[in-house]
Amino acid sequence: MAAPFSSMTSVRSLFRPNLNPLKSYHSPSDCYQKGFDRAKYHPGNVIAYSWSSTANFARILDVAIKSSGKNVVVKHLPRKRLVRCATIEEIEAEKSSIEKDAKMRMEKTIETVRTNFNSIRTGRANPAMLDKVEVEYYGTPVSLKSIAQISTPDSSSLLIQPFDKSSLKSIEKAIVNSNLGMTPNNDGEVIRLSLPQLTTERRTELSKVVAKQAEEGKVAVRNIRRDVLKAYEKLEKEKKLSEDNVKDLSSDLQKLTDEYMKKIDSIYKQKEKELLTV
């Protein structure tokens, strides 16, 4: 069981011990009777540790023990080191940071899935269909929605009104190259787009594309879960979390993962319904 951390900044230090004469013990169990807190026995070699602590400091004494015949010889190691221990507040802050980052990444995954879905046209006009269209504007690629106002006069058409009329031709070219399946109508003032009716075959094809994008979103969420579990395991190895802590946190993480999986399923079913509704 890991030793509890002080709420104040803790420092674990190793000080040069007094070099006492070598002592002999009949067995490793004698080490515990003589005040050692821990001993490990290996064939021909035993390592024992002893420490004392206060609210803020822990004094650690390392000794090496070598078996010699039937006796165990204790020899102090004349070395010094400094190891800093994390406080409870630091551990909680690290846990909170991991959880917050996981939730933020999962939210971004949901937004990416929504954006991808919106770029796939259904039978109804939606300005989001043009979200991925980039226009070459004065030598720089920019998103269409950043240089034009996009509206829906009716359910089957889009109206694009650029802030700068000199960009009309560039916008028209970008729409043609985007493979959206729509032919732009440029009257010198605005660009109109009419949405052709989707065939049953095309709706089925788009439904498969949406299903693939939904699965990619789920894979991204699972990868986030994997990364967080690795972070928890790292904290456990560093003795900042116990095995029970990791189990509880992993359970909470699974619930969060399931929640975002359901969100992806929900928006996928909604998009699929829009695609297949004639």
Side-chain angles (χ1 to χ4, degrees), residues 1-15 32 36-42 46-62 77 79-117 210-269:
M1 179 177 178
F5 291 102
S6 166
S7 60
M8 300 176 63
T9 302
S10 303
V11 178
R12 182 179 298 172
S13 304
L14 178 69
F15 299 91
Y32 295 104
F36 293 104
D37 297 295
R38 185 178 178 186
K40 290 184 179 180
Y41 178 76
H42 303 283
V46 178
I47 301 295
Y49 304 91
S50 178
W51 63 81
S52 61
S53 63
T54 64
N56 301 320
F57 296 91
R59 185 185 299 268
I60 301 176
L61 177 65
D62 285 11
L77 297 181
R79 59 191 179 95
K80 185 183 292 185
R81 69 182 176 186
L82 185 68
V83 181
R84 186 179 183 282
C85 299
T87 65
I88 292 176
E89 286 81 1
E90 289 172 336
I91 295 171
E92 289 299 323
E94 193 165 357
K95 281 166 51 183
S96 177
S97 175
I98 293 172
E99 293 163 1
K100 184 178 178 181
D101 179 66
K103 193 166 185 177
M104 181 179 67
R105 289 173 63 191
M106 288 185 183
E107 281 291 343
K108 286 183 178 179
T109 299
I110 294 294
E111 289 304 312
T112 299
V113 171
R114 282 200 179 102
T115 300
N116 290 337
F117 284 179
V210 169
K212 182 181 178 182
Q213 291 177 344
E215 183 56 34
E216 288 172 352
K218 289 183 177 182
V219 170
V221 171
R222 293 190 196 103
N223 287 341
I224 295 169
R225 174 181 174 275
R226 178 201 61 199
D227 292 344
V228 175
L229 286 177
K230 286 184 178 179
Y232 287 154
E233 289 170 1
K234 181 174 180 289
L235 291 178
E236 183 182 7
K237 288 179 181 178
E238 294 172 350
K239 305 300 181 184
K240 294 179 180 179
L241 292 176
S242 68
E243 184 178 350
D244 288 339
N245 289 150
V246 173
K247 286 181 179 179
D248 291 340
L249 289 170
S250 298
S251 177
D252 292 340
L253 176 61
Q254 186 59 55
K255 291 177 183 177
L256 183 67
T257 302
D258 293 341
E259 177 186 338
Y260 279 89
M261 289 292 192
K262 289 179 181 178
K263 287 183 179 182
I264 292 176
D265 282 334
S266 177
I267 58 178
Y268 163 63
K269 289 177 181 178

A.B. asks: Not counting sequence neighbours, which residues clear salt bridge (Lys or Arg N to Asp or Glu O under 4.0 Å) with Glu215? List them please.
C.D. replies: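 Expected list: Arg222.
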
A.B. asks: Taking only residues two or more places apart in sequence or in another chain, which ones pass side chain to side chain contact (heavy atoms under 4.5 Å, CB included) with Ser242?
C.D. replies: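 Here the qualifying residues are Asp244, Asn245.
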
A.B. asks: Hey, could you give me each pair passing salt bridge (Lys or Arg N to Asp or Glu O under 4.0 Å) that has a residue in residues 247-256? Not counting sequence neighbours.
C.D. replies: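 For residues 247-256: Glu243-Lys247.
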
A.B. asks: Is there side-chain contact between Tyr260 and Thr109, with heavy atoms separated by less than 4.5 Å?
C.D. replies: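 Not touching, per the 4.5 Å side-chain cut-off.
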
A.B. asks: Restricting to non-hydrogen atoms, name the atom on Tyr268 and the atom on Phe117 that form the minimum distance, rounded to 0.1 Å.
C.D. replies: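 For Tyr268 and Phe117, the tightest heavy-atom pair comes out as CA-CE1, 3.6 Å.
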
A.B. asks: Check side chain to side chain contact (heavy atoms under 4.5 Å, CB included) between Gln254 and all other residues, then give those that pass, not counting sequence neighbours.
C.D. replies: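 Gln254: side chain to side chain contact (heavy atoms under 4.5 Å, CB included) contacts with Arg225, Thr257, Asp258.
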
A.B. asks: Compare every heavy atom of Ile110 with every heavy atom of Ile267, then report the nearest pair and how far apart it is.
C.D. replies: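 Heavy-atom minimum between the residues: CD1-O, 4.4 Å.
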
A.B. asks: With Glu107, which residues qualify under salt bridge (Lys or Arg N to Asp or Glu O under 4.0 Å), at least two apart?
C.D. replies: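 Salt bridge (Lys or Arg N to Asp or Glu O under 4.0 Å) list for Glu107, sorted by chain: Lys263.
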
A.B. asks: Of all residues at least two apart in sequence or in a different chain, which pass the side-chain hydrogen bond (donor to acceptor under 3.5 Å, both in side chains) check with Glu92?
C.D. replies: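 Partners of Glu92 by the side-chain hydrogen bond (donor to acceptor under 3.5 Å, both in side chains) criterion, ordered by chain and then number, come out as Lys95.
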
A.B. asks: Give every donor-acceptor pair under 3.5 Å between a side-chain atom in residues 229-236 and any protein atom, sequence neighbours left out.
C.D. replies:
unit_1 : atom_1 : unit_2 : atom_2 : d
Lys234 : NZ     : Glu238 : OE2    : 2.7

A.B. asks: Roughly how far, to the nearest 0.5 Å, is the CG atom of Leu253 from the CE atom of Met106?
C.D. replies: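 With rounding to 0.5 Å, CE (Met106) is 5.5 Å from CG (Leu253).
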
A.B. asks: The criterion is salt bridge (Lys or Arg N to Asp or Glu O under 4.0 Å); which residues satisfy it with Arg114, sequence neighbours excluded?
C.D. replies: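 Applying salt bridge (Lys or Arg N to Asp or Glu O under 4.0 Å) to Arg114 gives Glu111.
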
A.B. asks: Would you say Leu256 and Glu99 make side-chain contact, with heavy atoms under 4.5 Å?
C.D. replies: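 Not in contact.
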
A.B. asks: Could you list the residues that satisfy side-chain hydrogen bond (donor to acceptor under 3.5 Å, both in side chains) with Asp101, not counting sequence neighbours?
C.D. replies: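 Result, side-chain hydrogen bond (donor to acceptor under 3.5 Å, both in side chains) vs Asp101: none returned.
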
A.B. asks: Please enumerate all residues that pass side chain to side chain contact (heavy atoms under 4.5 Å, CB included) together with Ala102, with sequence neighbours excluded.
C.D. replies: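 With neighbours one apart ignored, the set is Ile224, Val228.
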
A.B. asks: With sequence neighbours excluded, what pairs up with Lys269 under the salt bridge (Lys or Arg N to Asp or Glu O under 4.0 Å) test?
C.D. replies: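 Scan of Lys269 (salt bridge (Lys or Arg N to Asp or Glu O under 4.0 Å), adjacent residues dropped) gives none.
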
A.B. asks: Hey, what do you get for CD (Glu259) to CD1 (Ile264), rounding to the nearest 0.5 Å?
C.D. replies: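 With rounding to 0.5 Å, CD (Glu259) is 11.5 Å from CD1 (Ile264).
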
A.B. asks: Between Thr112 and Gln213, is any pair of side-chain heavy atoms under 4.5 Å apart?
C.D. replies: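 SC-SC contact between Thr112 and Gln213 ruled out.
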
